[in-house]
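Scroll down for the structure; my scribbles are underneath it.
No hydrogens, no waters, no symmetry mates; every other heavy atom, side chains included, goes into these values.
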Amino acid sequence: QLQVEDAELITQYKQVIFVDAHHGALADGFSYYQCDTKPADNFTTHSLAPENVCWIAQELFGTAPTCYVMAIAGNYWELRNGMSEEATKN
């Protein structure tokens, strides 16, 4: 889960890639895209989207790196170490 504190961390880099387990099917099992900055539309800071973290970095620190998201289709959502065989193939 991304947190508010991650906004400060990403300002130390020119480029950041967020890797995310995605609920639902994706063409080719994954998606890679540049994420825009946007404010959170919820009332919690316990789970933020990459776009929200980039927006916070820009708003609070005046800078944000170029950010991308690598979304990988997930199949199992129980806690465990490592990725499932299907996710690894994706």
Ignoring hydrogens and angles, write down the donor-acceptor pairs under 3.5 Å from the side chains of residues 30-38, residues two or more places apart or on other chains.
none

Is it the case that one hydrophobic cluster holds both [X] and [Y], taking links as side-chain heavy atoms less than 4.5 Å apart, direct or via other members?
X: Phe61; Y: Trp55; result: yes
X: Tyr13; Y: Leu48; result: yes
X: Val4; Y: Val16; result: yes
X: Val53; Y: Leu60; result: yes

| message | Does any part of the side chain of Ile56, heavy atoms only, come nearer than 4.5 Å to the side chain of Glu59, both counted from C-beta? | response | no
| said: Side chains of Pro50 and Leu2, heavy atoms from C-beta outward: is any pair under 4.5 Å? | reply: yes
Might you point out which heavy atoms bring [X] and [Y] nearest each other, and give the distance in Å?
X: Leu26; Y: His22; value: CG-CD2, 3.5 Å
X: Val19; Y: Ile72; value: CG1-CD1, 4.0 Å
X: Gln58; Y: Ala64; value: OE1-N, 3.4 Å
X: Ile10; Y: Cys67; value: CD1-SG, 4.3 Å

| remark: CG (Asp20) and CD (Gln1) are apart, to the nearest 0.5 Å, by 11.0 Å
| note | The reported gap from CD in Gln3 to CG in Leu9 (rounded to nearest 0.5 angstrom) is 12.0 Å
